[in-house]
Colleague: 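Quick one: the structure is below, and I'll ask about it shortly.
Just so it is clear: chains get the letters A, B, ... in the order the sequence lines come, proteins before strands, and each one is counted from 1. Any value given below was found using the heavy atoms of this structure, including those in side chains, with hydrogens, waters and symmetry copies removed.
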Amino acid sequence: MGKDKPSNFLFDIISSDLKSGKHAGRVLTRFPPEPNGYLHIGHAKAICLNFGLAESFGGKTNLRFDDTNPVTEKTEYVESIRNDISWLGFGWAGEYYTSDYFETLFSYAIQLIEKGLAYVDDSTPEEIASGKGTPTEAGLPSPYRNRGIAENLDLLQRMRKGEYKDGEKVLRAKIDMASPNMHLRDPIVYRIKHASHHRTGDEWCIYPMYDFAHGQSDSIEHITHSICTLEFEIHRPLYDWFIESLEIYPSQQYEFARLNLNYTVMSKRKLLELVEGNHVSGWDDPRMPTISGLRRRGYTPESIRHFCDMVGVARREHVIDIGQLEFAIREDLNIKAQRAMVVMDPIKLVIQNYPDGETESLQSENNPNAENKGGFRDLTFSKELWIERADFMETPSRKFHRLAPGQHVRLKSAFIVRCESFSKNEKGEISEVVCTYFPESKSGSDTSGIKAKGVIHWVSTMQAIPVEIRLYDRLFREEFPLKGTADFKESLNPDSLRIIERALAEPFLSQTRPGDHFQFLRTGYFCTDPDSVDGKPVFNRTVGLRDAWSRQQKQ
RNA sequence: UGUCCCGUAGUGUAACUGGCAACACGUCUGAUUUUGAUUCAGAAGAGUCCAGGUUCGAGCCCUGGCGGGACAACCA
């Protein structure tokens, strides 16, 4: 399945580069996260592309932390990023940090000055901003634009030595203040930041800007294809300008459209806002589109990689329906997940013709869709069972295939029962259903000749264990949370988490470990949460089963 | 009144150097089913933003519109 990945424009570019011998038959890509937040599903797409493309051409991929802004970056993020990439199943050739290149980058700056292509500007940030002009009006040259080379060199060294305060001076490339591309209007190359860096500590007080770091870092590593998202497209002329001016290895940048999903947000800044505002429990909250959130939710690496293959790559902006992601995980878990029966909202079912105090052992397949049905496990059957409240109706609609007075139903992997009567509590809720069972209708050896229209799940009251279930729904109730409201947090779905404190489950679930995947029969896929403690497992709903019945009900 | 990018079924992605638009998800039927799941079979749904042009022939090439997006952080 999915053996042939559909072709895409990046694949085509690399193919033809290889054919033309452009990089001497070499393919080296890189994944360049800034360690200022956790990776999300959008990054997964970039990871799959960079690693996947390289892999399909026998090339390699570097991991490079783009750490040029010490005030937002942390080692905690470095670790989570490394962990997430490995978890997705990718291994990187070299692990680098842009900060490893600070000294080289500084020497590049000197070269630029010596070539008359950079100058130190004493203007204030406001002056620089206004001097840039607008997209439709040319900018004005800075009064410091024509400083001599020697003076520039001296000033840059003194910037490095820490003789100036933040913002007092910057180094700018001398390109073209009238360029229609704003990024070419003498972009800032180095700025002063007296801030401690997560790796270089206080060694530096000047830091290179993205544009002066990224392309050169690619070049230093001899990256052949530098793949990034569309918003950097307009930076490409600058990327090329630095490489040409410095006469260094000509890495090439290619852009693709970033992944967007409906009913969620996909920017690190916004995700950080959700974390810091306690709208979620953390970066790995199962409702987050982060890789760690998806992992905790129960998504598998395979499902995420397959999803990334399915959505493809192109240069046009798009929004993928979250249903596509759900399809990917259902498809994977269908063949992998152990089945179990868990009653979420229990009512008691009493079998009037079953002997008091007796039990019998029945067998049920662990996964009917896996090879050899995944083996079998034992279930304990008895006179009193828990069944789902929703599986009984006092006055059923015509198409209701479950329990109702006089109606037959099969208890999964057990017997057919017929509903004889029921009782209600003071509040008028169903409290108990009384049935008779047909001993000769035992699953696998049914000779009763009785046909049951439906099958329901159950668990024996004496053996059942209590478990906590966390039912997750989409984090936002708006398809496009950013549209229409001033604050995207107003679109948060108040019902994105519903906790069932005490569901009743098959006893073998007491043995589960965090990260285990299950399909709770007729309900959905679930994953054991790290919050589980001995005697009280906690399960996150990854995704519900497809449900033609409820869809039909809604219509 | 600027520059650049993009425009193919509801969604997303294909269509080798032009040869009567394909795949996936979704939707709808029907069959099977001890999960109203899965599986299987089938159907509907675009004539490729619009208008011209080149060509025997254009989603692919050209021109002009229209529509969407990006660009003025000492962020990446």
Colleague: I need the NE2-C1' distance between A/His198 and B/rA76, as an integer number of Å.
Modeller: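 Between C1' of B/rA76 and NE2 of A/His198: 13 Å.
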
Colleague: A/Phe232 near the nucleic acid: base, sugar-phosphate alone, or nothing, with a heavy-atom cut-off under 4.0 Å?
Modeller: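 The residue A/Phe232 makes base contact.
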
Colleague: Quick check on B/rG47: syn or anti? Syn means the glycosidic torsion is within 90 degrees of zero.
Modeller: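 B/rG47: syn.
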
Colleague: Identify, between A/Arg522 and A/Arg236, the residue whose nearest nucleotide on RNA chain B lies closer to the 5' end.
Modeller: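 Checking each residue's closest nucleotide, the 5'-ward one belongs to A/Arg236.
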
Colleague: OP1, OP2 of B/rC5 versus side-chain N and O of A/Arg315: anything below 4.0 Å?
Modeller: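 Answer no for this pair, as no side-chain N or O of A/Arg315 is under 4.0 Å from OP1 or OP2.
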
Colleague: Check every strand shown and say whether A/Pro368 touches a base, only sugar-phosphate, or nothing at a heavy-atom separation below 4.0 Å.
Modeller: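 Base, at least one base atom sits under 4.0 Å.
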
Colleague: Could you work out which one of B/rU35, B/rA76, B/rC25 sits closest to the side chain of A/Glu34?
Modeller: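 From the listed options, B/rA76 comes nearest.
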
Colleague: If the P atom of B/rU63 is compared with that of B/rC4, how far apart are they to the nearest Å?
Modeller: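 Approximately 13 Å lies between the P atom of B/rU63 and that of B/rC4.
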
Colleague: Find the distance A/Asn69:CG to B/rA76:C1' and express it as a whole number of Å.
Modeller: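 These atoms are roughly 8 Å apart.
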
Colleague: Given the C1' atoms of B/rA51 and B/rA14, what is the spacing between them in whole Å?
Modeller: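 After rounding to an integer number of Å, I get 27 Å for this pair.
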
Colleague: Taking the same atom, C1', in B/rG2 and in B/rA72, what whole-Å distance lies between them?
Modeller: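 Roughly 12 Å separates the two C1' atoms.
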
Colleague: Starting at atom CE of A/Met341, determine the distance to atom P of B/rA37, rounded to an integer number of angstrom.
Modeller: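 Going from A/Met341 (CE) to B/rA37 (P), I get 18 Å.
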
Colleague: Please give, in whole Å, the distance from B/rU35 P to A/Arg410 CZ?
Modeller: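 Nearest whole value for this atom pair: 10 Å.
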
Colleague: Name the one of A/Thr29, A/Asn50, A/Asp218 that satisfies side-chain hydrogen bond (donor to acceptor under 3.5 Å, both in side chains) with A/Ser226?
Modeller: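 Exactly one candidate clears the test, A/Asp218.
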
Colleague: What does B/rG2 pair with, Watson-Crick or G-U, if both distances are under 3.5 Å?
Modeller: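 The base-pairing partner of B/rG2, which may sit in any strand shown, is B/rC71.
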
Colleague: Across the strands shown, which category fits A/Phe400 at heavy-atom distances under 4.0 angstrom: base, sugar-phosphate, nothing?
Modeller: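 Since a base atom lies under 4.0 Å of A/Phe400, the category is base.
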
Colleague: I'd like to know whether the aromatic ring centres of A/Phe539 and A/Phe520 sit less than 6.0 Å apart in this structure.
Modeller: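 Yes, they do, as the ring centres are separated by less than 6.0 Å.
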
Colleague: Distance check, P atoms only: B/rG45 and B/rU39, in whole angstrom units.
Modeller: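 About 25 Å, rounded to a whole number of Å.
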
Colleague: Across the strands shown, which category fits A/Arg402 at heavy-atom distances under 4.0 angstrom: base, sugar-phosphate, nothing?
Modeller: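 Base contact.
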
Colleague: By the 4.0 Å heavy-atom rule, please label A/Lys451 as base, sugar-phosphate, or nothing.
Modeller: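 Nothing, no heavy atom under 4.0 Å.
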
Colleague: Would you classify A/Gly139 as touching base, sugar-phosphate or nothing, given that sugar-phosphate means primed atoms plus P, OP1 and OP2, and contacts are heavy atoms under 4.0 Å?
Modeller: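 A/Gly139: no heavy atom of the nucleic acid under 4.0 Å.
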
Colleague: If only side-chain N and O atoms of A/Arg546 are considered, is one of them under 4.0 Å from the OP1 or OP2 phosphate oxygen of B/rU27?
Modeller: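 The answer is yes; a side-chain N or O of A/Arg546 sits under 4.0 Å from OP1 or OP2.
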
Colleague: Could you let me know what B/rC25 is paired to, Watson-Crick or G-U wobble, both distances under 3.5 Å, or none if it's on its own?
Modeller: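 Across all strands, the one nucleotide that pairs with B/rC25 is B/rG10.
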
Colleague: Can you confirm whether the side chains of A/Ser441 and A/Ser448 place a donor and an acceptor under 3.5 Å from each other?
Modeller: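 The answer is no; no qualifying pair exists.
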
Colleague: B/rA24 P sits how many Å from A/Ile329 CD1, rounded?
Modeller: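 A/Ile329 atom CD1 is separated from B/rA24 atom P by 21 Å.
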
Colleague: Could you tell me which nucleotide pairs with B/rC16 by Watson-Crick or G-U wobble geometry, both distances under 3.5 Å, or answer none if nothing does?
Modeller: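 With both distances under 3.5 Å required, B/rC16 matches none.
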
Colleague: Measure CZ/A/Arg185 against P/B/rG2 and give the value in whole Å, please.
Modeller: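 One finds 14 Å between P of B/rG2 and CZ of A/Arg185, rounded.
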
Colleague: Considering every strand and a 4.0 Å limit on heavy-atom distances, what is the contact class for A/Arg316: base, sugar-phosphate, or nothing?
Modeller: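 If one applies the 4.0 Å heavy-atom cut-off, A/Arg316 turns out to touch a base.
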
Colleague: Can you confirm if the aromatic rings of A/Tyr207 and A/Phe102 lie within a centre distance of less than 6.0 Å?
Modeller: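 Judged by ring-centre distance (under 6.0 Å), A/Phe102 and A/Tyr207 do meet the cut-off.
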
Colleague: Name the nucleic acid region contacted by A/Gln519, choosing base, sugar-phosphate or nothing; use a 4.0 angstrom heavy-atom cut-off, strictly under.
Modeller: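 Here A/Gln519 touches the bases of the nucleic acid.
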
Colleague: Can any side-chain N or O of A/Ser303 pair as donor or acceptor with the backbone N or O of A/Tyr299 at less than 3.5 Å?
Modeller: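 No: the side chain of A/Ser303 does not pair with the backbone of A/Tyr299.
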
Colleague: Could you please name the option among B/rA14, B/rC28, B/rG36 that lies closest to any side-chain atom of A/His401?
Modeller: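 Among B/rA14, B/rC28, B/rG36, the one nearest the side chain of A/His401 is B/rG36.
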
Colleague: Between A/Val313 and A/Asn369, which has a closest nucleotide on RNA chain B that is more 5'?
Modeller: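 Looking at RNA chain B, the more 5' nearest nucleotide goes with A/Val313.
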
Colleague: Backbone N or O of A/Ser123 within a donor-acceptor pair of the A/Asp121 side chain at under 3.5 Å?
Modeller: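 Checking the backbone N and O of A/Ser123 against the side chain of A/Asp121, a donor-acceptor pair under 3.5 Å is found.
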
Colleague: With a 3.5 Å cut-off and just heavy-atom distances, do the side chain of A/Arg339 and the base of B/rU35 make a donor-acceptor pair?
Modeller: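 Yes, a donor-acceptor pair under 3.5 Å.
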
Colleague: If you look at every strand shown and take non-hydrogen atoms under 4.0 Å, does A/Val71 touch a base, only sugar-phosphate, or nothing?
Modeller: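 If one applies the 4.0 Å heavy-atom cut-off, A/Val71 turns out to touch nothing in the nucleic acid.
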
Colleague: Could you encode protein contacts along nucleotides 67-74 of chain B as a string, one character per nucleotide from 5' to 3', using B for base contact, S for sugar-phosphate-only contact and - for no contact, with a heavy-atom cut-off of under 4.0 Å?
Modeller: --S-SB-B

Colleague: Given the C1' atoms of B/rA58 and B/rG47, what is the spacing between them in whole Å?
Modeller: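 About 13 Å, rounded to a whole number of Å.
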
Colleague: Answer yes if the ring centres of A/Phe212 and A/Phe242 are under 6.0 angstrom apart, and no otherwise.
Modeller: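 Yes: the rings meet the under 6.0 Å criterion.
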
Colleague: Mark this stacking check for A/Tyr210 against B/rA76 as yes or no, applying ring centres under 5.5 Å and ring planes under 30°.
Modeller: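 Answer is no, no stack.
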
Colleague: Between P on B/rA24 and CG on A/Asn8, what's the gap in Å once rounded to a whole number?
Modeller: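 A/Asn8 atom CG is separated from B/rA24 atom P by 19 Å.
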
Colleague: Once you measure the plane-to-plane angle for A/His235 and A/Tyr210, does it fall in the parallel (<30°), tilted (30-60°) or perpendicular (>60°) bin?
Modeller: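 Taking A/Tyr210 first and then A/His235, their aromatic rings stand perpendicular (interplane angle over 60°).
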
Colleague: Just how far, in rounded Å, is P of B/rA14 from CZ of A/Phe256?
Modeller: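 Going from CZ in A/Phe256 over to P in B/rA14 covers 13 Å.
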
Colleague: Would you confirm whether the ring centroid of A/His408 sits within less than 6.0 angstrom of the ring centroid of A/Phe438?
Modeller: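 Yes: the rings meet the under 6.0 Å criterion.
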
Colleague: Give A/Thr68 one of three labels, base, sugar-phosphate or nothing, depending on what nucleic acid heavy atoms sit under 4.0 Å from its own.
Modeller: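 A/Thr68: backbone/sugar contact only, no base atoms under 4.0 Å.
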
Colleague: Using the P atoms only, state how far B/rC60 lies from B/rG7, rounded to an integer number of Å.
Modeller: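 After rounding to an integer number of Å, I get 11 Å for this pair.
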
Colleague: side-chain contact (heavy atoms from CB on, under 4.5 Å) for A/Leu379 and A/Met341? Distances and angles first, verdict last.
Modeller: CA-CA 10 Å; A/Leu379 302 174; A/Met341 293 198 280; 3.7 Å; yes

Colleague: If I pick the C1' atom on B/rU48 and the same atom on B/rC6, what distance separates them, to the nearest angstrom?
Modeller: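 To the nearest whole Å, 15 Å.
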
Colleague: Across all strands shown, which nucleotide pairs with B/rG47 by Watson-Crick or G-U wobble geometry, both distances under 3.5 Å?
Modeller: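 B/rG47 is unpaired by these criteria.
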
Colleague: Can you tell me if the side-chain N/O atoms of A/Ser7 get under 4.0 Å from OP1 or OP2 in B/rA15?
Modeller: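 Checking B/rA15 against A/Ser7, a side-chain N or O does come within under 4.0 Å of OP1 or OP2.
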
Colleague: Determine the Euclidean distance between corresponding C1' atoms of B/rU29 and B/rG12; express it in Å to zero decimal places.
Modeller: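 Between the two C1' atoms, the distance is 25 Å.
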
Colleague: Quick one: sort the A/Tyr97 and A/Phe65 rings into parallel, tilted or perpendicular, breaks at 30° and 60°.
Modeller: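 Parallel.
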
